Participant: 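Below: one structure in structure tokens.
These numbers were taken from a predicted model, which means no experiment stands behind them. All values below come from the heavy atoms of this structure, side chains included, with hydrogens, waters and symmetry mates left out.
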Amino acid sequence: MTRILMVAITIVLSGGARAAVPEFNTEHFCGDFAEKRGGDSMGGIAKAVCILSEQSTKTVVDKAWGHVSAGSRETCLKAAGESYVSLAKCLGEAQGQ
């Protein structure tokens, strides 16, 4: 029993337990994105395209998340700025290393 407990503790401390994929607020992120880039004239279209892109890229992040080290995930999260597209790019680069 003690051996099983020690193995479980080691797995958790080593990052073997899979951390949850982050949940970003794409509505908020894309609203800010559209406001900065499209203003009133193209803001609605820019926001809609951004949301579609972010939502479809989240599936890529979901698949890549468990294949990247905890350190790389942390680094990528800091660099992502609440964007799945940015996070996926960083995770992809980390996998290639």
Side-chain angles (χ1 to χ4, degrees):
M1 181 68 173
T2 304
R3 178 175 263 174
I4 293 171
L5 182 59
M6 292 301 291
V7 169
I9 290 171
T10 302
I11 289 171
V12 170
L13 292 177
S14 69
R18 186 169 184 228
V21 177
E23 292 291 327
F24 295 152
N25 183 342
T26 55
E27 285 282 331
H28 177 64
F29 173 79
C30 289
D32 287 348
F33 172 84
E35 187 176 305
K36 290 175 186 171
R37 290 180 177 69
D40 291 334
S41 63
M42 296 295 288
I45 294 171
K47 183 177 178 180
V49 170
C50 175
I51 289 171
L52 287 172
S53 178
E54 289 292 319
Q55 289 173 343
S56 64
T57 305
K58 185 180 185 308
T59 60
V60 173
V61 170
D62 291 343
K63 291 176 184 174
W65 191 253
H67 300 285
V68 178
S69 72
S72 292
R73 288 193 303 253
E74 183 70 24
T75 299
C76 289
L77 273 175
K78 289 177 184 175
E82 295 287 312
S83 169
Y84 289 115
V85 173
S86 296
L87 182 57
K89 180 180 179 204
C90 183
L91 293 173
E93 291 169 354
Q95 279 182 312
Q97 294 178 355

Participant: Taking side chain to side chain donor-acceptor pair (under 3.5 Å) as the test, write out the residues that go with Thr75, two or more places apart.
Facilitator: none
Participant: Does the side chain of Val68 reach to within under 4.5 Å of the side chain of Cys76, using non-hydrogen atoms?
Facilitator: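 A side-chain contact under 4.5 Å is absent here.
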Participant: Are Phe24 and Val21 connected into the same hydrophobic cluster when the rule is that any two of I, L, V, M, F, W, Y join if their side-chain heavy atoms are below 4.5 Å apart?
Facilitator: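 Yes; Phe24 is reachable from Val21 via cluster members.
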Participant: With rounding to the nearest 0.5 Å, note down the distance linking CG in Leu77 to CH2 in Trp65.
Facilitator: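 One gets 4.0 Å once the value is rounded to the nearest 0.5 Å.
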Participant: At their closest point, which heavy atom of His67 faces which heavy atom of Lys63, and how far apart are they?
Facilitator: CD2-O, 3.0 Å
Participant: Rounded to the nearest 0.5 Å, how far apart are CG of Leu52 and OG1 of Thr26?
Facilitator: 10.0 Å
Participant: Could you work out, with side chain to side chain contact (heavy atoms under 4.5 Å, CB included) as the rule, every residue matching Cys50, not counting sequence neighbours?
Facilitator: Phe29, Cys30, Phe33, Glu54
Participant: If you compare all heavy atoms of Ser53 against all heavy atoms of Ser56, which two are closest, and at what distance to 0.1 Å?
Facilitator: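 Smallest interatomic distance, heavy atoms only, reads O-OG, 3.1 Å.
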Participant: Under the salt bridge (charged side-chain N to carboxylate O under 4.0 Å, His left out) rule, collect the residues that match up with Lys47, sequence neighbours excluded.
Facilitator: Glu27
Participant: About how many Å separate OG1 of Thr57 and CG of Leu91, when rounded to the nearest 0.5 Å?
Facilitator: 11.5 Å
Participant: State whether Lys58 and Asp62 are salt-bridged, where the test is any N-O pair (Lys NZ or Arg NE/NH1/NH2 against Asp/Glu carboxylate O) under 4.0 Å.
Facilitator: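 Salt bridge: yes.
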